[in-house]
Amino acid sequence: MNTELRTPARPAAAAELPRLNRALRPAPKAPVRIVHLGLGAFHRSHQAWYTQQAGDAAEWGIAAFTGRRPDAAAALADQDGLYTLVERADTSDSFTVVGSIVEAVDGADVERLAELVAAPATAVVTLTITEAAYGLGTDGKLDTAAPDVVTDLALLGSGSGHPATPLGRLVLALAARRDAGSGPLAVVCCDNLSNNGTVAQQAVTGFAHALDAGLAGWIDANVSFVSTSVDRITPRTTDEDVADVQAACSYRDTSPVVAEPFSSWVVSGKFPAGRPRWEDAGALFVDDIGPYENRKLWLLNGAHSLLAYAGQLRGHSTVAEALADTVCRQAVEAFWDEAEANLPGDELQIPEYRAALLARFSNARIAHNLAQIAMDGSTKLRMRAVPVLLAEQAAGRSGAAAALMIAAWMDCSSALPGFQDPLGDKVAAANAISGTERVRALLAVVDPVLAADAAVVQLIESLTGTFAEALPATEPCNCLTSPERTQL
Ligand code: CS2
């Protein structure tokens, strides 16, 4: 079912409408061959949608597990795994029922996870567990001293089968696959990290190694870590979105997902036990993912973070609102100029990519909240601002536009209430200091090597306050340490 609806039908009363149910399933249920960790809106607008579009979709069902909370799994299971994808363009919506998730499971059900990962039919594990959940320190290695990692390692070491981190759960499930003799499979990272396959490999083997060197060896020999660059703007679903689906379709869906019409998936790596024909839906398989990754992380995600911090400081709430503000728009263009100078332009069609981003960000019907993007900044800036700043400095230029993103993050960290970061304690401690030492301490949370460079600290300090004029007076920030979350 794929209905183009420009004028939604008159809403019927909730009681008259049937619930989205198996009668609306677009095709018979496929067998589980993909296990997903991180059942959130982005997984449903992206990987699940690509899987449904694959020519061999009938062979590839997904069992998707939530993070800490069972709610999304329970709501979806109630609808037989079905949900409506609303593709929201500038002037119209289109509605598609997606049926590739054949099992929606509470992430705490590690027995089911282990059973499915150990099954010989399972060929692929996909991950959207958020950048912060890889638990990497600033050296790019798994931080085995992080409290949640310490807790999970102790739990697993004691033979308890109930780890709480996605990595702990995955390592337990991979041990079950080894024990079952079910052979190799692919782990496909779909989080916004540079070189994300390698990051996932380091995090998973780092975790396994701390537990059992034999298991780490088995993972090295049998698990292919695939890198991907994922793209589709997918804001949080609102009550209004639920009502829109109810008005436009002849059923009630408690869990629709809204996304822009654009989507992209660039994939690099081996699939030893096979994969769906995602290329049928436009996925691009390449040998060298680096340039694609940098283009997306710097130009799209970098601009998002810059708008999230600068935009909120100037009193805006959404990406479209912030981009319409000349001050924010100029900051984005300046940052893009710096990023573009460090990307292979001819191959990647950067001018066209930038123009397309302006159009995508300006779609005011996609209410993409800046507060949502602003979360977990210390991790995100390492991928979005730091590499551009370093590349600019290596080329003998200042990197001031990338530095401005970091300065705006610092301003937000002390000015916005409820600012969330995985290193919230360190951010709050740094904000208790003043002057240059505060800037140095905050920069150390993002990148200690940069923080040791007095000229960079001075540059960033000179840029703090750039966007602050329009900020309404707020209570001082009580910085929150982000809980483990599923990528939205
Ligand atoms: C955003 C991304 O929240 C964020 O950090 O930059 O979720 C972004 O919307 C997606 O990567 C788009 O593909």
Side-chain angles (χ1 to χ4, degrees), residues 38 40-50 85 87-88 126-134 189-194 196 199 227-237 257-267 282-284 289 292-312 316-320 322-323 328 332 335-336 339 353-354 356-363 365-388 405-406 408-409 412 419-422 446 482 485-488:
F42 183 73
H43 169 63
R44 296 191 289 130
S45 76
H46 194 272
Q47 304 96 59
W49 178 83
Y50 274 89
L85 172 68
E87 289 180 274
R88 181 152 289 170
T126 49
L127 306 176
T128 54
I129 57 177
T130 78
E131 294 93 318
Y134 292 85
C189 183
C190 303
D191 283 294
N192 288 316
L193 295 153
S194 1
N196 60 9
V199 168
S227 283
T228 74
S229 174
V230 292
D231 194 3
R232 186 165 223 183
I233 292 172
T234 308
R236 235 185 224 127
T237 303
V257 56
V258 176
E260 62 174 341
F262 176 91
S263 75
S264 139
W265 199 3
V266 187
V267 184
L284 186 65
I289 200 164
Y292 295 95
E293 242 170 22
N294 289 343
R295 179 179 67 174
K296 198 264 170 169
L297 284 170
W298 297 354
L299 296 179
L300 187 150
N301 297 113
H304 259 177
S305 288
L306 183 49
L307 290 169
Y309 303 123
Q312 289 193 94
H316 306 301
S317 303
T318 66
V319 170
L323 193 71
C328 296
V332 167
F335 174 70
W336 279 350
Y353 191 88
R354 282 174 62 160
L357 280 184
L358 286 177
R360 292 170 64 193
F361 287 177
S362 305
N363 179 353
R365 296 185 72 242
I366 297 269
H368 200 183
N369 281 316
L370 298 175
Q372 179 184 335
I373 298 169
M375 289 188 293
D376 298 352
S378 65
T379 312
K380 290 178 177 176
L381 291 175
R382 281 179 212 149
M383 251 71 61
R384 303 177 182 195
V386 171
V388 175
M405 190 191 314
I406 302 175
W409 168 76
C412 280
F419 191 80
Q420 281 197 8
D421 195 276
V446 177
S482 309
R485 280 193 327 276
T486 293
Q487 190 180 67
L488 291 163

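Start at 1 and go down the list; that is how both ligands and their atoms are numbered.
Numbered from 1 in the order shown, with element, the atoms of ligand 1 that lie under 4.0 Å from a heavy atom of D231 read 12 (C), 13 (O). Every atom of ligand 1 is numbered from 1 in the order shown, and the set under 4.0 Å from a heavy atom of R232 is 12 (C), 13 (O). Atom numbering of ligand 1 starts at 1 in the shown order; those under 4.0 Å from a heavy atom of K380 are 3 (O), 4 (C), 5 (O). Contact atoms of ligand 1 toward H368: 9 (O) (distance under 4.0 Å to a heavy atom of the residue).
Aromatic ring centres of H368 and F361: separated by at least 6.0 Å.
How far NE2 of H316 is from SG of C328: 4.5 Å, rounded to the nearest 0.5 Å.
Using the six-membered ring where Trp is involved, Y309 and F419 have ring planes that are tilted, between 30° and 60° apart.
With a heavy-atom cut-off of 4.0 Å, E131 does not touch ligand 1 at all.
Checking only distances, T234 never comes within under 3.5 Å of ligand 1, N or O to N or O. Distances between N or O atoms of N301 and those of ligand 1 include at least one value under 3.5 Å.
The residue among E260, H304, H46, K296 with a heavy atom at the shortest distance from atom 11 (O) of ligand 1 is K296.
Under the rule for a salt bridge (charged side-chain N to carboxylate O under 4.0 Å, His left out), the partners of E260 that lie at least two apart in sequence or sit in another chain are R360.
A donor-acceptor pair under 3.5 Å links the side-chain atoms of K380 to the main chain of I373, judged by distance alone.
Considering H304, K296, E293 as possible partners of N192, the one that fulfils the side-chain contact (heavy atoms from CB on, under 4.5 Å) test is K296.
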